[in-house]
Undergrad: 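One structure, pasted below without further comment.
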Amino acid sequence: MAKQYDVLFRLLLLGDSGVGKTCLLCRFTDNEFHPSHISTIGVDFKMKTLVIDGIKVRIQIWDTAGQERYQTITKQYYRRAQGIFLVYDITSERSFQHIMKWASDVDEYAPEKVRKILVGNKSDEVDKRQVATEQGIKLAKAYGMDFFETSAFTNHNITETFTRLAEQVLAANKKDLDLLRMSVNDEINLAALEEEEGLCDSAAGDQGKGCWC
Amino acid sequence: MTSTLCNLPAKPAEEAQKHRQQYEEMVAQAKKRELKEAQKRRKQLEDRCKLEESIGTAAQTWNQEILPNWSTMCTSRRVRDLWWQGIPPSVRGKVWSLAVGNDLNITRSSSCTDLRATSQESAMQRLATRGQPQVKAQADKLYNICLSRAKEKWRTTAAPAPEPETEDAGSSDRESSLELIKLDISRTFPHLCIFQQGGPYHDVLHSILGAYTCYRPDVGYVQGMSFIAAVLILNLDTADAFIAFANLLNKPCQMAFFRVDHSLMLTYFSAFEVFFEENLPKLFAHFKKNNLTPDIYLIDWIFTLYSKSLPLDLACRVWDVFCRDGEEFLFRTALGLLRLYQDVLTCMDFIHMAQFLTRLPDLIPGEQLFQQISAVHMTSRNRKWAQVLQALQKDPERGSPVLKR
């Protein structure tokens, strides 16, 4: 049976409540947009398989509740992530200011080599804009992150953002990837590699399951 | 059917006969189908009538026999059995109110001069602590005081004030509480279209949540509460919904979750795992192997009391028995759900299980779910839920190692 993917990793969506994390995700995985989404309680999940550089990359995306109170819970998930989206809403100065706090929490709780990307969502709402694009660029630069302004509503920059972070996570795990290329058809090697490197702790279970895939 | 178009040669007799026969067969089949469908419709109608009749009879029993004699009857075998079958919607609110109780003693102080003479704050505290029998008008009073305070806050925060650069995290959380309520109301049961801006219950939901944050500023608004308040609003009038809401959230399990007392939450998860392993050892092992910890699915279920994850009518049935049996039933329901879907779950990997459990199927067979729930044993080595929980609380080291950092 053909392998469904070569590499698996987890990306985490963080940011204040209401900035549009769930909408970004729904647009990316299902190409759907619902203006009145149900609030996320705890954490929700989606996944998608991308092909990057000829490698089938399955990404699990963990979509977290944004309220501060929930952070005690969601912080526990940071360490399981290889990539993190820091999302704010360009129509909310407050959500932008909170990015600093989100970023410092990530520094504290996420693995050291985690890759981050800054996302300013709701770029279609030009009339309500409170955060200038330059401010986003500046902040991203200060943190050494890439930056995208997106709109889940108009489908602006969504695939670009997710793909960019996925590419960066791949690059960050390049050593493992080179090994992977050498043994691209060797499933046992791959599973062993992933377990060893902590790239995926459920690779064996994820492999080639017929149902629900 | 019996004749062909006039510019074509006539059908040979044999062929015409064959066509006639086919036509008659088709008609006969169509008639049979129609008859069958008519029978099915009649059966459905009969079932519905029967169901409505039984709901009607049950409602009568609740109204005339049980509710007037609540304190003596509520623990009887017969009432408990009837309760398990689901409370008729017409008496549901009353039964929930009685069962949730009013330990907070949300009542009015003995004289109105007290209220005028003192600050609202201390009046409220007295309202909340004085042990007097609950009277409807009194409940209204407390609710209205809290609500007017909430409205005052909304007015003052509505003015666009420049944000202080150095606000500490805690105060910003409380500050944003009122803003978050606004945001969440439109995201509460959006498909029902009644809590959204302009919908009939938008203001009521807004008011109850706002009043609660003034009544319990130490707890504040936490996401998930809007769902609980919404379900209560659907079954009770505003003041009673507020009392039930405040009392429901005051239960130990709800307090642990809404205040995000992490270590106590972990204790609840560990207790859940004890019964999970006992009831469904195979699935438990499968979850362990895939590193699927209970927090991933239980948080949503417990925070919203299943109102977000189950179809509303089914969620209400879960609430019925939750009101009867307490927090234990929330975890029993979780095990019932896992039991119901254990075959599909066993052949899934981490992400598929996580997706499945955080978004359950739209159609969940209610009767089957309750059968599965009733098949869950809530004893572990002769210990009941409360005992297991208590033992874990005393000795948290025995808790789940997976969930600890």
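Below, all heavy atoms of this structure are taken into account, side chains as well, without hydrogens, waters or symmetry copies. In the text below, chain A, chain B and the rest are named by the order of the sequence lines, each starting its count at 1.
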Undergrad: In terms of heavy-atom pairs under 4.5 Å, which option from T358(B), T188(B), L298(B) contacts chain A the most?
TA: T358(B)

Undergrad: Out of Q223(B), Q355(B), Q196(B), which one racks up the most heavy-atom pairs below 4.5 Å with chain A?
TA: Q223(B)

Undergrad: If I measure from the heavy atoms of chain A, does I296(B) come under 4.5 Å with its side chain, its backbone, both, or neither?
TA: both

Undergrad: Where the side chain of R10(A) meets the backbone of A81(A), is there a donor-acceptor pair that is under 3.5 Å apart?
TA: no

Undergrad: Only pairs of heavy atoms separated by less than 4.5 Å count here; which of G66(A), G42(A), G18(A) has the most with chain B?
TA: G18(A)

Undergrad: Does any backbone or side-chain atom of F258(B) lie under 4.5 Å from a heavy atom of chain A? Answer side chain, backbone, both or neither.
TA: backbone

Undergrad: When you look at D261(B) and R259(B), which way does the salt bridge (Lys or Arg N to Asp or Glu O under 4.0 Å) test go after all the steps?
TA: CA-CA 6 Å; D261(B) 178 343; R259(B) 294 182 109 153; over 6 Å; no

Undergrad: Atom CZ of residue position F33(A) - does it have more than 12 heavy atoms of other residues, nucleotides or ligands inside 6.0 Å?
TA: yes

Undergrad: With K141(A), which residues qualify under salt bridge (charged side-chain N to carboxylate O under 4.0 Å, His left out), at least two apart?
TA: none

Undergrad: Just grab all the side chain to side chain donor-acceptor pair (under 3.5 Å) pairs involving residues 298-310 of chain B, residues at least two apart or on different chains.
TA: D300(B)-K308(B)

